[in-house]
Amino acid sequence: FSRLTSGLRRSSEKLTESVSAVFTKRKLDAAAIEELEELLIAADLGPAAAMRVTDRLARDRFDKDVTDEEVKDALAATIEETLKPLEAPLDFSSGPRPEIVLFVGVNGSGKTTTLGKIAATLTRAGKKTLLVAGDTFRAAAVEQVSVWGERAGAPVEKREIGADAAGLAYDAVSRAQRDGFDVVLIDTAGRLQTKTALMDELRKIVRVIRKLDETAPHRVILVLDGTVGANAVSQAEAFLEASQVTGLVMTKLDGTAKGGALVQVADRFQLPVHAIGIGEGIDDLQPFDARAFARALSG
Ligand code: GDP
């Protein structure tokens with residue numbers, strides 16, 4: 001996990017420096033607890049997780065001296081405990097066939113890249129995978145799915161710019177059913193500015209593919225950009241409203257100073273975490289490991 005560790009170094013350095021500044025052998029009184037809670041919230045952990053860290057410490061250390069190492073240990077333990085039940089590495093071995101997966105998230109969050117990385121893993125494992133360039137409004141988005149299809153060795157369903165995304169998804173799923181595909185990965189548009197249009201489009205895609213398989217989509221993966229910090233919470237809220245999100249991928253955790261937001265979003269919405277993005281390359285998606293993440297973040 002060296003890349004994750006170095007990627008989250010800036011998050012953890014910032015956090016542990018401020019922990020050390022506050023807690024170099026200091027009595028854990030009410031003021032110290034408040035200060036610690038504030039700096040954990042500033043690190044985007046969210047109020048609930050921040051309070052769990054201080055509660056854990058205060059349980060047996062209240063009004064006693066604590067060291068920064070003890071604080072970091074409590075932080076790591078709390079993050080691990082929070083995220084362990086939500087650790088959900090992707091597994092396509094026992095799902096329905098074809099398993100239909102929708103990717104949702106704001107433009108630029110790393111949706112297409114994540115879809116491409118997952119496609120590559122699937123084709124390497126011998127899974128017949130179909131990619132769908134469902135953001136039919138942006139030529140660059142369609143082009144990018146095509147590039148990833150080539151990299152991953154997977155065919156791509158696409159249409160001309162401006163075409164109906166739901167119609168495209170319908171054709172793609174029909175093709176997948178007819179030609180014995182194992183997995184269908186559908187990219188979608190992520191224009192949050194027009195929330196009702198976004199919701200309508202996602203709902204229409206779902207409605208239309210349910211005509212072919214009433215249990216579809218089998219997964220709706222929300223992709224969040226790790227560099228936006230606590231803004232990830234409102235993004236998650238919007239997409240949870242627009243679709244039935246089943247799990248989460250957080251990208252760009254290489255070199256971000258905002259890794260704490262993953263804790264807040266997963267915790268608040270109790271969303272399973274599938275993987276984290278740690279770079280732009282084909283192998284830069286790591287199955288989520290709560291313990292490794294907790295350790296990397298708390299330094
Ligand atoms: P989309 O609009 O949501 O489909 O986002 P893209 O997949 O096009 O990604 C937006 C940009 O972020 C691209 O330049 C990607 O190469 C980059 N990107 C995606 N994931 C990661 C990641 O984990 N780390 C880094 N450093 N860049 C990423």
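Order of appearance sets the numbers: ligands from 1, and atoms from 1 within every ligand. Note that the structure is predicted; figures quoted are calculated from it, not measured.
- The existence of a salt bridge linking Asp283 and Arg124 is confirmed by a sub-4.0 Å separation between a basic side-chain nitrogen and an acidic carboxylate oxygen.
- Under 4.0 angstrom from ligand 1, the non-hydrogen atoms of Val106 all belong to its backbone.
- Between Asp289 and Glu87 there is a side-chain heavy-atom pair separated by less than 4.5 Å.
- Heavy-atom contacts from other residues, nucleotides or ligands closer than 6.0 Å to CE of Met199 number more than 12.
- Under the 4.0 Å criterion applied to side-chain N and carboxylate O atoms, Glu35 and Arg26 are assigned as salt-bridge partners.
- Looking only at atom types and distance, the side chain of Thr251 has no donor-acceptor partner in the side chain of Asp225 under 3.5 Å away.
- Below 4.0 Å from some heavy atom of Gly277 lie the following atoms of ligand 1, by number and element: 23 (O).
- Inclusion of Ser109 in the set of residues having an N or O under 3.5 Å from an N or O of ligand 1 is warranted.
- Contacts between Met250 and ligand 1, counted as non-hydrogen atom pairs separated by less than 4.0 Å, are absent for every part of the residue.
- Short contacts between ligand 1 and Lys117, defined as distances under 4.0 Å to a heavy atom of the residue, involve ligand atoms 23 (O).
- When non-hydrogen atoms are compared, ligand 1 lies under 4.0 Å from neither the backbone nor the side chain of Thr114.
- The distance from ligand 1 to the heavy atoms of Ile278 drops below 4.0 Å at these ligand atoms: 23 (O).
- Looking at Thr113 next to ligand 1, an N or O pair under 3.5 Å apart turns up.
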Note to self: Assess the residue pair Val142 and Asp187 against the criterion (side chain to side chain contact (heavy atoms under 4.5 Å, CB included)); give the C-alpha distance rounded to whole Å, side-chain angles, the decisive distance to 0.1 Å, and a yes or no.
What the structure shows: CA-CA 9 Å; Val142 175; Asp187 196 15; over 6 Å; no

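- Using a cut-off of 4.0 Å between Lys/Arg side-chain N and Asp/Glu carboxylate O, Arg268 and Glu237 are scored as salt-bridged.
- In this structure, the protein non-hydrogen atom closest to atom 3 (O) of ligand 1 is Lys111 N, 2.9 Å.
- Which parts of ligand 1 touch Arg138 is read off a 4.0 Å heavy-atom cut-off, strictly below it: atoms 2 (O).
- With a 4.0 Å heavy-atom cut-off, ligand 1 is reached by no atom of Gln286.
- Residue Gly110 places at least one N or O, backbone or side chain, under 3.5 Å from an N or O of ligand 1.
- Not one N or O of Asp284 is nearer than 3.5 Å to an N or O of ligand 1, by distance alone.
- From the protein, the heavy atom lying nearest to atom 16 (O) of ligand 1 is Glu280 OE2, 2.5 Å.
- For ligand 1, the atoms lying closer than 4.0 Å to a non-hydrogen atom of Asn107 are 2 (O).
- Ranking the protein heavy atoms by distance from atom 22 (C) of ligand 1 puts Gly279 O, 3.2 Å first.
- Within the cation-pi definition used here (under 6.0 Å to the ring centroid, within 45° of the axis), Arg219 qualifies as a partner of Phe92.
- The nearest protein atom to atom 1 (P) of ligand 1, hydrogens excluded, is given as Gly108 N, 3.4 Å; this is a heavy-atom distance.
- A side-chain N or O of Lys158 and one of Ser146 form a donor-acceptor pair less than 3.5 Å apart.
- Ion pairing between Arg159 and Asp171 holds under the 4.0 Å rule for side-chain N and carboxylate O.
- Of all protein heavy atoms, the one closest to atom 18 (N) of ligand 1 is Lys252 CE, 3.9 Å.
- Figure legend: cation-pi geometry between Lys128 and Phe181, with NZ or CZ positioned under 6.0 Å from the six-membered ring centre and within 45° of its axis.
- The number of heavy-atom neighbours closer than 6.0 Å to CD of Gln270, taken from other residues, nucleotides and ligands shown, is above 12.
- Protein heavy atom at the shortest distance from atom 4 (O) of ligand 1 is Thr112 OG1, 2.6 Å.
- Summary of contacts: the protein heavy atom closest to atom 24 (N) of ligand 1 is Asp254 OD1, 2.9 Å.
- Surrounding CZ of Arg52 are more than 12 heavy atoms belonging to other residues, nucleotides or ligands, all under 6.0 Å away.
- From the protein, the heavy atom lying nearest to atom 8 (O) of ligand 1 is Gln144 OE1, 2.9 Å.
- The shortest N/O to N/O separation between Asp187 and ligand 1 does not fall below 3.5 Å.
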